[in-house]
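First up is the structure itself, then whatever we jot down about it.
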Protein chains: 2
Amino acid sequence: MQTRVTEMLNIQYPIIQGGMQYMSLAELASAVSNAGGLGIVPSMAFPDVDSLRAEVQKMKSLTDKPFGFNISLVPEVAMPEVIMDYIQVLVEEGVPVVETSGQRPRNFIQPLKDAGIKVIHKVTSIRHGLAAQEDGADIIAFVGAEGGGHPGVDLVSGPVLWAKAVEKISVPVLAAGGIVDSKSLYAAMALGVDGVLMSTRFLATPEVNASDTYRQALLQIPENGTVLTMTSLRNAMRVANNEMAQEILQAEKDGATLETLMPLISGRRSYEAMQNGDVQHAQLSMGQGVGRINEIMTVDEIFEELINGFQERHTYMTNLSAVFK
Amino acid sequence: MQTRVTEMLNIQYPIIQGGMQYMSLAELASAVSNAGGLGIVPSMAFPDVDSLRAEVQKMKSLTDKPFGFNISLVPEVAMPEVIMDYIQVLVEEGVPVVETSGQRPRNFIQPLKDAGIKVIHKVTSIRHGLAAQEDGADIIAFVGAEGGGHPGVDLVSGPVLWAKAVEKISVPVLAAGGIVDSKSLYAAMALGVDGVLMSTRFLATPEVNASDTYRQALLQIPENGTVLTMTSLRNAMRVANNEMAQEILQAEKDGATLETLMPLISGRRSYEAMQNGDVQHAQLSMGQGVGRINEIMTVDEIFEELINGFQERHTYMTNLSAVFK
């Protein structure tokens, strides 16, 4: 059986691994694609078009299944010309799927559509989802307030947002935020979405691009161990509540501007800290679902739990349904 | 078939209507109990023990099914002696269930336990749930960040909190926050909870204690139409984003204290505004699920949708489960 998402993307399971800046490189993303989902590599982790092209070719060498690359459309991340250059590489290399986010895709989507590339656009509100649909996005991913990275300004809980999205959006809808295992996968699918976007769960894998210290630190973070930084800039980011997060929150309280915050919030600095294992002095982006992750699992083990667990959950619900009669 | 909650409370469905200050009086709560759930009346809506006793007796005249009364243990709401007087009335009248919240129940629970009353304690974090369990609460309700009223300071999304609670808490667990229909009921139950606490959905009923203007206004509020006021007092309250909410948020930004905020946040003032239909100048407490409520339904109609819809959802999931094999 197929869902609209598995059919459109030509994959086995409607489970997409969200692009994670610096973290989800070819090793992780290819493992997800090989397991029957869709892995996504962040293009903006690469400093130039040549290194991006090399990563696409690496993906092709690691999987013969469909995969995706992410393009951040946030104006502060890259100039439009740079974005267009990156898109050109993805088109030339025949990348099957592109994930976009950060602003509505209208100014960037045409070359992707012309090349037959499927576009997953990631949003945090119904109005942004409607705009992306109008622009031609093939699939819209809705990130709830519990999600890692940038959960937006409305901060609507995933389930409320997803159930609403299913009513309002006609193209396929992905649920994102807090989905880390078969229970949360099952619950999300029950709300009527066409698939899920999982990110945080894949941070605690051997395949992720980070130090062991980082992986081990992840396992210690409870469900209430993340905070939203950068809300004063209206660009909230959900990160582990560590020394760096507290420093940023204090600076915001003291009236810091984007300029004065920049040295603290630089993604590159966080990336280096993660690699060095300095988990207190990096913005470690992750969703609240991190509090439900207790062990490092390989991508294959995660998929095994998701698929077997889905069937177990369904048996559980079959028994429980006798109560609601 | 029974769940731990239906068995313990001697009700048909594990669907509890959360106590809502001023709003869920005997007319609403008895309708919920008669429909097979458990209705809860807020004790603190009554100015003295005599009027509380009269409402308990009214409940008894309207239903022969189990029902509950809520007692707020928040120190600012009532002095311990007053709380104990109110508890004494509930004990004398043989109320079957009491819902508590606001602080851990240890100093108040003994007379309830001695009388064989089942205690549902409402929390917003795992640590508070563990404390309530230690104190002897029979059932713990976990309110997610999307919930109305006081969703706490951690602001963990319902599904993440519930799934974690099921792992950590041995007494029965209720899911609260964002549950407004059969889809969200089904999804919550799939996470392993023993039942649900629904509040906001029951605000849009003919049985609720409010003006028609209030009910109609509710239907217009979108999923991103609530805000958290009073976070500066560490007593966040989720309310409709109306003129009053904006006034409170501005006062908080300007450094207001509890004392200076009091005229704005007084529950009595909000209650009067609701009755008068002045929906811009009241703190209208509600969860994000309000954005998924599009029509006024009677309590019976809501239960019909919940129960029939649960079965429809299960058929849907039976079909979908073929994808995850």
Side-chain angles (χ1 to χ4, degrees), chain A residues 1-3 6 12-14 125-127 144-147 153-161 163-164 166-167 177-192 222-224 226 228 287-289 291-292 306-307 309-311 313-314 316-325, chain B residues 1-3 6 12-14 125-127 144-147 153-161 163-164 166-167 177-192 222-224 226 228 287-289 291-292 306-307 309-311 313-314 316-325:
Chain A
M1 191 183 145
Q2 297 263 296
T3 69
T6 58
Q12 187 174 359
Y13 305 118
S125 71
I126 302 294
R127 67 188 181 285
E146 58 275 75
V153 294
D154 287 350
L155 297 173
V156 177
S157 169
V160 174
L161 186 62
K164 191 85 185 179
V166 167
E167 292 166 13
I179 303 168
V180 294
D181 65 352
S182 57
K183 277 189 192 180
S184 39
L185 166 68
Y186 188 95
M189 294 301 299
L191 293 168
E223 72 289 347
N224 60 351
T226 68
L228 290 174
Q288 292 180 331
R292 299 196 51 237
L306 291 174
I307 306 309
F310 194 99
Q311 298 299 328
R313 244 333 78 180
H314 193 61
Y316 173 85
M317 291 306 280
T318 299
N319 294 331
L320 188 67
S321 71
V323 175
F324 293 90
K325 266 183 178 155
Chain B
M1 193 182 143
Q2 296 265 295
T3 70
T6 57
Q12 187 175 359
Y13 305 119
S125 71
I126 301 295
R127 67 189 182 285
E146 57 276 74
V153 294
D154 287 350
L155 297 175
V156 177
S157 169
V160 174
L161 187 61
K164 191 84 185 181
V166 167
E167 293 167 13
I179 303 168
V180 294
D181 65 352
S182 58
K183 277 188 191 180
S184 39
L185 166 68
Y186 189 96
M189 295 301 298
L191 293 168
E223 72 288 346
N224 61 351
T226 69
L228 291 173
Q288 292 180 332
R292 299 198 51 239
L306 291 173
I307 306 309
F310 194 99
Q311 298 300 326
R313 248 329 79 182
H314 193 60
Y316 173 85
M317 290 306 279
T318 299
N319 294 331
L320 189 68
S321 71
V323 175
F324 293 90
K325 267 185 176 152

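In the text below, chain A, chain B and the rest are named by the order of the sequence lines, each starting its count at 1.
A search for side chain to side chain contact (heavy atoms under 4.5 Å, CB included) contacts involving Ile307(A) returns Tyr13(A), Ile15(A), Phe324(B), not counting sequence neighbours. Among residues two or more places apart in sequence or in another chain, the side chain to side chain contact (heavy atoms under 4.5 Å, CB included) test is passed with Ser321(A) by Phe310(B), Gln311(B), His314(B).
Atom CD of residue Glu167(A) and atom CZ of residue Arg292(B) lie 5.5 Å apart, to the nearest 0.5 angstrom. Rounding to the nearest 0.5 Å places CD of Glu146(B) at 11.5 Å from CG of Leu161(A). Interatomic distance, OG of Ser125(B) versus CD of Glu223(A), reported as 8.0 Å (0.5 Å rounding).
Listed options Ile179(A), Thr318(A), Asn319(A), Asp181(A) were ranked by heavy-atom pairs under 4.5 angstrom with chain B; first place goes to Thr318(A). Listed options Ser184(B), Gly178(B), Ala145(B), Gly291(B) were ranked by heavy-atom pairs under 4.5 angstrom with chain A; first place goes to Gly291(B).
Residue Ala163(B) touches chain A through both its backbone and its side chain, counting heavy-atom pairs closer than 4.5 Å. Contact annotation for Thr226(A): neither backbone nor side-chain heavy atoms come within less than 4.5 Å of a heavy atom of chain B. Interface remark: Leu306(A) contributes no atoms to any contact with chain B (heavy atom separation under 4.5 Å).
Residue Met189(B) comes nearest to Tyr316(A) through the heavy atom pair O-CE2, 3.8 Å, listed as atom of the first residue, atom of the second, then distance. Of all heavy-atom pairs between Pro159(A) and Pro159(B), the closest is CG-CG, 3.4 Å.
You'll find the side chain of Met1(A) stays beyond 4.5 Å of the side chain of Lys325(B), heavy atoms only. Lys183(B) places a side-chain heavy atom less than 4.5 Å from the side chain of Val166(A). Put simply, the side chain of Arg127(B) reaches to within 4.5 Å of the side chain of Asn224(A), judged on heavy atoms.
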